[in-house]
Amino acid sequence: MFILSKISDLIRIPPDEFKRDTISAITHQLNRNYANKIVPRIGLCITIYDILEVDDGQLKPGDGSAYINVTFRAMIFKPFVGEILTGWITKCTADGIKVSMLGLFDDIFIPHKMMFEGCRFLPEDSAWVWPMDEETKLYFDVNEMIRFRVEQEVFVEVKPKSPKEKEAEEEAEMKRQQALLEGKEDSTIPETTVEKHPPYAILGSCQTDGMGLVSWWE
Amino acid sequence: MKVIEKRDAFLSDYEVFQFLTNLETSHGWDDETQALLQQNRRKKIKTKKPYNNVTLQRITRDTISYLRVNKSYIAQDEDEEMDEVTKNQNMSSPICKLQNDQFSELMRDLNRFELFKIEKLQIVNQLPSNMVHLYSIVEECDSRFNEDQINEIISIIERYSQSQ
């Protein structure tokens, strides 16, 4: 589930960090840059594991900071394809099941074509059901613990928000708060935040024995 | 940023858990230090502030709490009569109870079987308690091992996941 990746990067140490010793100043800067961020085409960086190499610092004209080339190892959440993971169901839609790993990682999706054969979606219960045989029907309910196999990783290059998007978001937030103040609890103002593609997502499958809700196989 | 080696090493959940709990204590983010800080604040005693890095603190806490949950234990109705202590024990993953020497012993025990590295990694991460779970981790388990061997693997895992 977790790996170590060797990465080198040029980091900037601002002058107010000079009072610290080199290693802790570097670790601090690296953690600010990497902790809880997606490293493109690798995975989700949890923290810096250790620092392997520190070059001499460089100065740039017009800036009091030190620029240092460092080589370090980062602890990264990157399940390999075929790995079995456990998560919790957060949402069932007609397309499939959304699974979350309790704050660690949320963007896991099990599309309907990667579920057991014969699985159906019940819109009235908003749950998926797997008719295992004639009599038993097994339900995929929200908040249940689910085991799945990692099938594919999806990386999307995410652009930073444009000023227009930011403005629109702020406006929507203002409107929502105003509606709340006026006491309209069930206000009809839709949440404008369009669901964007997450930079790193995992596609999972539930097709073999042992997969699906943990309680089925106990 | 330049990636020199994408996969320098694999880490087991146990190692990650140890590393992160150490990180949490050394930065003063664990519950004990936090409680002490609160106390001192109330009594207006000046104490050294813990390292301030909100994102790192949050992801460390979340990862630890994910690893701490026992993923093969299902709460049952009859459990409600149990006292809090046993309930908590059942809820927490065996990973946080293991010791370093126990972990290496478990590894040594598993080395006796012809398992691939990646399968061993998943076994020590998930500590499967039943056959179905083990079969899903180990590919073509039924042709590579006979029933006795499979039962032995399960009993080894059980011994370590239940030891205190």
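In what follows, every chain begins at residue 1, and chains take the letters A, B, ... in the order their sequences are listed.
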- Begin from the C-alpha positions of B/V3 and A/I42 and carry the test side-chain contact (heavy atoms from CB on, under 4.5 Å) through to its verdict. CA-CA 9 Å; B/V3 179; A/I42 302 188; 3.7 Å; yes
- Would you indicate whether the side-chain heavy atoms of A/F105 and B/D62 approach each other to under 4.5 Å? no
- Message: Only pairs of heavy atoms separated by less than 4.5 Å count here; which of A/N31, A/D209, A/L102 has the most with chain B?
- Response: A/N31
- Query: Between A/F80, A/Y49, A/F2, which shows the greatest number of heavy-atom pairs under 4.5 Å with chain B?
  - Reply: A/F2
- Query: Using non-hydrogen atoms only, which part of A/I46 is less than 4.5 Å away from chain B: side chain, backbone, both, or neither?
  - Reply: both
- Message: If you count heavy-atom pairs within less than 4.5 Å of chain B, which of A/T208, A/I48, A/T71, A/L104 leads?
- Response: A/L104
- Query: Got more than 12 heavy atoms from elsewhere within 6.0 Å of CZ, A/R41?
  - Reply: no
- Begin with the C-alpha distance, continue with both residues' side-chain angles, and end with the deciding distance and a verdict on side-chain contact (heavy atoms from CB on, under 4.5 Å) for B/K2 and A/I7. CA-CA 6 Å; B/K2 201 172 91 195; A/I7 300 172; over 6 Å; no
- Task: Can you tell which part of B/L134 gets under 4.5 Å to a heavy atom of chain A, answering side chain, backbone, both or neither?
- Result: neither
- If you count the non-hydrogen atoms of other residues, nucleotides and ligands that lie under 6.0 Å from CG in A/D16, is the total more than 12? yes
- Query: Would you say B/S136 and A/M211 make side-chain contact, with heavy atoms under 4.5 Å?
  - Reply: yes
- Message: Working note: B/F19 + A/T47, criterion side-chain contact (heavy atoms from CB on, under 4.5 Å); need CA distance, chi angles, decisive distance, verdict.
- Response: CA-CA 10 Å; B/F19 183 84; A/T47 174; 3.9 Å; yes
- Can you tell which part of A/R73 gets under 4.5 Å to a heavy atom of chain B, answering side chain, backbone, both or neither? side chain
- Item | Distance, nearest 0.5 Å, that separates CD of A/E83 from CG of B/N125 | 6.5 Å
- Task: Measure across A/M1 and B/D13 and return the closest heavy-atom pair with its distance rounded to 0.1 Å.
- Result: CE-OD2, 3.1 Å
- Query: Under the 3.5 angstrom rule, does the side chain of B/K6 hit a backbone N or O of A/L4 as a donor-acceptor pair?
  - Reply: no
- Residues A/F77, B/Y66; criterion side-chain contact (heavy atoms from CB on, under 4.5 Å); working and verdict: CA-CA 12 Å; A/F77 169 78; B/Y66 174 78; over 6 Å; no
- So do B/L11 and A/I3 actually touch side chain to side chain, heavy atoms under 4.5 Å? no
- Task: Please answer whether the main-chain N or O of A/I84 pairs with a side-chain N or O of B/Q122 as donor and acceptor at a distance below 3.5 Å.
- Result: yes
- Message: Whether the side chain of B/Q126 engages the backbone of A/L85 through a donor-acceptor N/O pair (distance < 3.5 Å, no angle test) should be reported.
- Response: no
- Do you know which of B/I64, B/V54, B/I118 has the most heavy-atom pairs under 4.5 Å to chain A? B/I118
- Message: Taking atom CG as the centre, does A/D56 end up with more than 12 heavy-atom neighbours from other residues, nucleotides or ligands that are less than 6.0 angstrom away?
- Response: no
- Item | Under 4.5 Å from a heavy atom of chain B, the part of A/W216 involved | neither
- Residue among B/I4, B/T60, B/L121 with most heavy-atom pairs under 4.5 Å to chain A: B/I4
- Note on the structure: chain A shares the most heavy-atom pairs under 4.5 Å, among B/E139, B/R7, B/M131, B/R58, with B/R7
